[in-house]
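Below: the structure, in structure tokens.
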Amino acid sequence: MLLLRIVGVVGSIALVVALVDVQLLWERAQQISLPIVALALGVNLVRQAFIAWRWKTMNTNEGSHRFGEYFLFILASRPAGLLLPGLLGFDLARGVMIGGTSSEGRAEHLVSVLSDRVVGLSSVILIGMGAALAAPQFPSRLKYVGILSVLLSGFVVGLLVSGSPVLHRALSGLLGKLGTVGAKVSEGLALWMRIVSFFRRNPARIGKALVACGLIHLSWFLIAWVLSENLGLGLSFWVITTVTALSWVVLAVPVSWMGLGVNELSFIFLLSFQGVAAESAAALSIHQTVINVAFSILCIPLLLFVGKRKSA
């Protein structure tokens with residue numbers, strides 16, 4: 001898998017280089033404004049608090065941890081994104097952290113990371129769709145709506161299938177024939193079904209999580225729009241919201257580290273419908289990556305606090 005990811009990253013970067021004028025891309029990438037970076041880092045810090053709130057809301061076993069601990073785990077997990085591809089590093093790190101500081105309900109804590117990720121990705125697709133439909137003017141609107149419709153349909157079908165009692169019973173019977181490994185997987189499925197049942201009985205939890213999602217996503221869309229204005233792209237907030245939402249879905253796939261290469265390609269493709277030059281589209285992606293990398297590096301010292309919390 002590591003070899004495949006390296007091939008994927010190298011191939012993505014090579015394709016970006018083939019699509020852009022490297023000298024012009026370098027000039028555009030250097031246009032990032034330090035005051036805007038500082039503002040973006042501050043907004044992103046507040047955004048992490050909303051992510052912690054959503055995660056706490058989506059955890060069915062929340063009694064053993066306070067909000068401050070969720071916030072610490074979120075921040076301390078950010079550096080893992082520098083080492084593991086996609087959102088995998090961040091999710092894996094926070095799952096390990098909360099599981100390592102709890103002696104009870106560890107499995108529920110781990111599954112909470114999955115449920116939090118599911119509601120986050122589904123909501124970002126909905127917000128992107130809403131922006132594309134609600135904008136008074138949106139060039140190539142139907143192209144974006146078509147892509148988002150396919151993604152949304154996939155999510156809805158996936159949720160319905162994963163929460164189907166009939167499918168769960170069929171899989172449990174099959175897994176029962178596979179010995180110890182099958183039994184472990186069956187236990188995981190049973191836990192997932194209990195959590196799905198919990199949220200069906202408590203729709204207010206989902207409502208709170210979706211409110212948190214709105215704050216989380218819109219704060220980053222604002223950052224992306226300010227960065228695009230700094231580059232002089234002249235794109236509306238609606239367009240930036242839709243394009244960034246789609247790029248996030250791509251980033252969820254564990255292909256490259258911090259979306260290197262892959263994110264640039266997604267911006268080049270999605271902004272081509274708006275007539276944006278490949279160099280400017282890639283520069284907008286690079287500016288967002290710079291903020292994410294800088295934020296992750298600043299969070300590295302917080303790993304010491306997590307270590308002390310685990311020792312205690």
Side-chain angles (χ1 to χ4, degrees), residues 12 16 19 28 36 40 43-44 47 50-51 54 86-87 116-160 206-253 255 259 261-289 291-292:
S12 299
V16 170
L19 292 172
R28 297 291 277 162
I36 290 178
V43 172
N44 201 25
R47 180 171 169 266
F50 294 138
I51 295 176
R54 184 186 69 191
L87 299 172
D116 177 68
R117 177 57 58 207
V118 168
V119 75
L121 285 176
S122 58
S123 65
V124 79
I125 294 174
L126 288 171
I127 291 176
M129 178 77 79
L133 293 174
Q137 293 183 340
F138 200 116
S140 302
R141 186 194 308 266
L142 292 180
K143 293 180 180 179
Y144 296 102
V145 172
I147 298 173
L148 286 162
S149 297
V150 172
L151 292 173
L152 184 59
S153 299
F155 260 96
V156 171
V157 171
L159 288 174
L160 291 175
I206 299 295
K208 290 180 182 179
L210 290 175
V211 170
C213 285
L215 297 172
I216 292 165
H217 303 327
L218 291 175
S219 58
W220 186 264
F221 296 153
L222 177 62
I223 291 173
W225 179 75
V226 170
L227 290 171
S228 74
E229 287 293 293
N230 182 63
L231 285 169
L233 301 187
L235 299 172
S236 70
F237 181 76
W238 305 99
V239 170
I240 290 296
T241 294
T242 300
V243 170
T244 307
L246 282 167
S247 73
W248 277 1
V249 178
V250 175
L251 285 179
V253 181
V255 175
V262 176
N263 203 38
E264 284 71 31
L265 284 176
S266 66
F267 269 86
I268 290 173
F269 170 70
L270 294 168
L271 288 178
S272 66
F273 302 143
Q274 305 296 320
V276 176
E279 293 80 9
S280 297
L284 177 58
S285 172
I286 290 171
H287 287 183
Q288 293 179 67
T289 300
I291 293 168
N292 279 322

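Keep in mind the model is a prediction, meaning the values are calculated, not measured. FYI, side chains are in, hydrogens and waters are out, and symmetry mates aren't considered; it's all heavy atoms of this structure.
- Residues Ile240 and Leu227 form no side-chain contact, since every pair of their non-hydrogen atoms from C-beta on lies 4.5 Å or further apart.
- Side-chain contact check for Gln288 and Trp220: at least one donor-acceptor pair (N or O, by modelled atom type) lies under 3.5 Å.
- Residues Glu264 and Ile286 meet the side-chain proximity criterion, which asks for heavy atoms closer than 4.5 Å.
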In residues 149-159, what donor-acceptor pairs under 3.5 Å come from side-chain atoms, sequence neighbours left out?
residue	atom	partner	partner atom	Å
Ser149	OG	Val145	O	2.7
Ser153	OG	Ser149	O	2.8

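- Using a 4.5 Å heavy-atom threshold, the side chains of Leu246 and Ile147 count as touching.
- In this structure, Leu270 and Ser247 approach most closely via the heavy-atom pair CD1-N, 4.3 Å.
- Contact check for Ser280 versus Leu231: no side-chain heavy atoms found under the 4.5 Å cut-off.
- Taking 4.5 Å as the limit, some side-chain heavy atom of Tyr144 sits within range of a side-chain heavy atom of Val243.
- Side chains of Trp248 and Thr244 form a contact here, defined as non-hydrogen atoms less than 4.5 Å apart.
- Side-chain contact between Ile268 and Val276: absent, with no pair of heavy atoms (C-beta onward) separated by less than 4.5 Å.
- Judged by distance alone, the side chain of Thr242 and the main-chain N or O of Trp238 form a donor-acceptor pair under 3.5 Å.
- Using a 4.5 Å cut-off on side-chain heavy atoms (C-beta onward), Phe138 and Gln274 make contact.
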